[in-house]
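First the structure, in the form of structure tokens, and then the observations on it.
Here is how names work: the chains are called A, B, and so on, in the same order as the sequence lines, proteins then strands, and each is numbered from 1.
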Amino acid sequence: MALPEKYKSPYDASLVEESIYKKETESGFFTPENLVKAYPSRYEKSEAWTTITPPPNANGHLHAGHALDVTLKDVIGRFHRMNNKRVLMIPGSDHAGFETQVVYEKKLEKEGRSRFGMDRDLLYKEIYDFTIANKDTVAGEVKRIGASYDWSRDTFTLDAKVVTGVQDTFIKMYNDGLIYRSKRDVNWCSKHQTSLSDLETTNKEMTDTFYTFKIGEFLIGTSRPETKFGDKYIVVHPEDARYSKYTQGDTFEAEWILGPTKFTIIKDESIDMEFGTGAMTITPWHSGIDFQIAKKYNLDMVQVIDENGKLMDIAGELKGLRAITEGRKRTVEILEQKGLLVEKNEKYTHVVPVCYKCETPIEPQLKDQWFVKMAPLAEKALEASTKGEIDFVTDQFRKTYEYWMSNPIDWNISRQIVWGIRIPAWFKNKGTDTEEYYIGHDNPGGEWIQDIDTFDTWFSSGQWPVATLGFVGADDFKTYYPTQLMETGRDLIFKWVPRMVIFGLYLTDYKQVPFKDIYLHGMVLDPKGQKMSKSKGNVMSPIELADEFGMDALRMALVVGTTPGSDQSMSKDKVRAYKKFVNKLWNISRFVLENTDNENEWDKSIIDNEYINKLENVKMNIGLYIEKYQLHLASEELYHYVWHEFADVVIEDVKKDLTDANKAMLRYMLKEILTMAHPFMPFVTEEIWSDVRNDGEVELLLVKEW
RNA sequence: GCGCGAUUAGCUCAGUUGGUAGAGCAACUCAUUUACACUGAGAAGGUCGGGGGUUCAAGUCCCUCAUCGCGCACCA
């Protein structure tokens, strides 16, 4: 057989990748039902192997982390498909509620517009169009990586069936007593005008001034004087000898910001006697801990700062001032004039919670929101781990998970944003004392108005394994649930993984976990080991890397040396090194194709030599490693074998004496190498396979039997 | 403060259940129309962070200290 012309030049990925992916897609084999149709003997009675892919946010481009994510799953998935499992990998995208809205708000800002005051439906429509356009870009990039995902099952979190299903879950949970409405302190971002879950805030160390003021005989320390207008309780520890003359509920009058004020003594054990003077005032509306105390003793709670971060009526002449800047300054001035300022420590460093998107300090507010009662759900999720129903590839994450599930905090799922799934709750006299609500999809008739809030995005993505399979009862659900693998970034150990377990268990009456194995990969860092970010300008686009070095090279670079859970550095040098490897494979194939042909078919069963033994041993190891999710070992073994055994030893040895038997052996070994390499480097291997395969063999390596 | 992880060759990292230290990259020496220069051959390079313990045997298990990184929670 004449050597195809293309082998006379180095491998050029740009000439083959698109057409290979097209061939693979058109084969239909990304859809498991088609595997059964085409190869019933292999797939009809085989096990299903399913993984639900984490939906990339439909609001931007793919970053290096996504590329790793897709590559790891695709390597494992392709391996299992070749091993006769009915592999189903479901792609999707997430509307990413708050994330996307923030991105869109920035866009609006640039255009000199603002979401506030915008018509709700119009804003939703605009973000929808924006997201749908981006969604296709992202899907295109996932395909570029070679993901053998079943696109016929592509799911978007705002597809009608998902929206309805997610709302059904809320209704079911409400009826089961797992959802309640409560006025509680929530994390309020005054810039984005929405409440946030505890996981959507982050901590920032700040240096502020710490003030000590005098209230009667008490010395009160605070870094937030501007919240103190409504304070009228002094809280001390019951065993604090300094205040033993007071009893619970004693009152006294003292000069305060706006004049003489009546204070009441509260004694509570939560007070740290060592801190300052062991006495504090409380601001229940704007502090979680204070709220707990106020609730315990049924104390008055007053709002001081409004949702825009400005002082309210209670601040008298200071009303309308931005609380933490001008409001604080003026409050201190007033207290200083009255001679109540005792001390100012300007170097007080403390950690304050801030919005994870804009770093605006969180202003706790009391608001009526929907909460999920986490304790009973977390208990089941904890059991799933302790009983071994879910398995973590690295045990460190089990510890984190179990700690988290042992200390659950109720989850605020209301978001005051437009972009998301509406909460199926209807109100009469909302926000008043006579508020009534009704839970259901449709207006019960009359004066009811639907809650304008949307769900926290994790309320829907937490149901992803169930939702992508059409929810409980659907055919797909019956066939493919529970899934085998959840592979995602280790940063999602809190936000996403436990919630999927919780929803998966809950929706199956606590019978079935959503997935068995949990593999969490680390972050992809820049060559210096730093986090990639737009502001640092060190972002490496996977698509651009693939343009330069080829996707197979990038896939190898992402997999080799990547231990589960550990971060890794990505560098051009690394990708370049694997481009060389891809080309090495290309040249090996050139040699074999040049010197052998289809006549040289070889039956391995009649010859047993050292080379073949080694090959089979390597193949077995690679398979075992992949099954154990040790892709770094599998890929290294492959690399080493192909280059330093097959090329450097076998070919060098055999080429001196190209007997028919040797030719046949080379051809056989090349096919085996292509098989082993295919999960890692699907493009180049398919391309070579099309030249080396025999008439009786499968057209695509994608479905070649391992 | 609590938790998790890391510390192995110049750099980036592997090292399965304890059994004589590995790879890639870089650097060094040699080879030069070879299937492939996106190459080959060779040599060099490490008291596995410090200290202690268990063991016939420790990079690996236990304790402790140090440094770095990450996560979570916080005191008004």
Side-chain angles (χ1 to χ4, degrees), chain A residues 3 7-12 198-199 201-203 210-213 219-225 227-228 231 234-236 270-283 286-290 293 348 350-353 394-404 407 409 490-491 493-494 522-523 525 527-531 549-550 553 556-557 560-563 565-571 573-574 576-596 621 624-625 628 630 632-633 635-637 639-640 643-644 647-648 651-652 654-655 658 666:
Chain A
L3 180 73
Y7 288 96
K8 290 182 179 156
S9 334
Y11 175 67
D12 185 346
D198 294 304
L199 291 177
T201 69
T202 178
N203 295 319
F210 189 79
Y211 303 90
T212 304
F213 300 112
L219 293 178
I220 302 295
T222 183
S223 58
R224 300 212 53 195
T227 65
K228 300 290 170 198
D231 289 12
I234 305 275
V235 190
V236 296
S270 65
I271 297 299
D272 180 357
M273 287 190 269
E274 307 293 313
F275 189 87
T277 58
M280 68 175 218
T281 62
I282 54 167
T283 312
H286 301 292
S287 156
I289 290 165
D290 294 3
I293 297 173
Y348 176 67
H350 60 156
V351 179
V352 294
T394 43
D395 243 17
Q396 43 171 312
F397 295 116
R398 180 188 297 283
K399 289 181 198 164
T400 312
Y401 173 94
E402 290 185 357
Y403 175 80
W404 192 249
N407 297 280
I409 307 167
R490 63 135 218 259
D491 52 329
I493 181 67
F494 294 127
M523 306 286 103
L525 306 173
K528 291 175 189 160
Q530 293 188 313
K531 211 168 180 176
F549 303 107
M556 277 299 281
V560 181
T562 301
T563 37
S566 306
D567 291 350
Q568 62 161 322
S569 287
M570 180 45 62
S571 68
D573 279 346
K574 193 172 179 190
R576 192 177 290 118
Y578 292 104
K579 183 186 175 185
K580 289 184 185 178
F581 178 60
V582 172
N583 194 56
K584 186 77 185 180
L585 183 59
W586 186 250
N587 276 305
I588 285 169
S589 307
R590 170 181 170 169
F591 178 82
V592 175
L593 287 166
E594 216 165 20
N595 292 290
T596 68
N621 284 340
L624 288 174
Y625 284 141
K628 286 192 284 185
Q630 306 273 53
H632 61 297
L633 297 177
S635 51
E636 203 175 290
E637 179 117 5
Y639 179 94
H640 198 261
W643 203 310
H644 300 298
D648 291 349
I651 291 185
E652 289 303 320
V654 162
K655 80 182 183 191
L658 277 171
L666 284 181

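Backbone-only engagement by Thr563(A) is indicated by non-hydrogen atom pairs under 4.0 Å involving sugar-phosphate atoms exclusively. Within the 4.0 angstrom heavy-atom criterion, base atoms lie near Glu652(A). Within the 4.0 angstrom heavy-atom criterion, no nucleotide atom of any strand lies near Lys574(A). Within 4.0 Å (heavy atoms only), His286(A) reaches no atom of the nucleic acid at all. Note on Lys584(A): a base of the nucleic acid sits closer than 4.0 angstrom, heavy atoms only.
Base pairing annotation: G1(B) forms a Watson-Crick or G-U wobble pair with C72(B), both donor-acceptor distances under 3.5 Å. Across all strands shown, the partner of C28(B) is G42(B), judged by Watson-Crick or G-U wobble contacts whose two distances both fall under 3.5 Å.
Atom OH of Tyr403(A) is surrounded by 12 or fewer heavy atoms from other residues, nucleotides or ligands within 6.0 Å.
Using P as the reference atom, U60(B) and G53(B) are 14 Å apart when rounded to the nearest Å. When the P atom is used for both A9(B) and G49(B), the distance is 8 Å, rounded to whole Å. C62(B) and A58(B) are spaced 11 Å apart, taking the C1' atom of each and rounding to whole Å. Between A44(B) and A6(B), the distance separating the two P atoms is 32 Å to the nearest Å. The gap from the C1' atom of A21(B) to that of G15(B) amounts to 9 Å, rounded to the nearest Å.
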Under a 4.0 Å heavy-atom criterion, the protein footprint on nucleotides 71-76 of chain B, written with B, S and -, is SSBBBB
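Using a 30° and 60° split on the angle between ring planes, Trp643(A) and Phe581(A) fall in the parallel class, below 30°. Classified by interplanar angle (parallel below 30°, tilted 30° to 60°, perpendicular above 60°), the ring pair Phe213(A)/Tyr211(A) is parallel.
With respect to the salt-bridge test (charged N to carboxylate O, under 4.0 angstrom), the residues Arg490(A) and Asp567(A) qualify. Salt-bridge annotation for Lys655(A) and Glu652(A): present, with a side-chain N of the basic residue lying under 4.0 Å from a carboxylate O of the acidic one.
Atoms OG and CD1, on Ser270(A) and Ile282(A) in that order, are 9.0 Å from each other to the nearest 0.5 Å.
The distance between the ring centers of Tyr401(A) and Phe494(A) does not fall below 6.0 angstrom.
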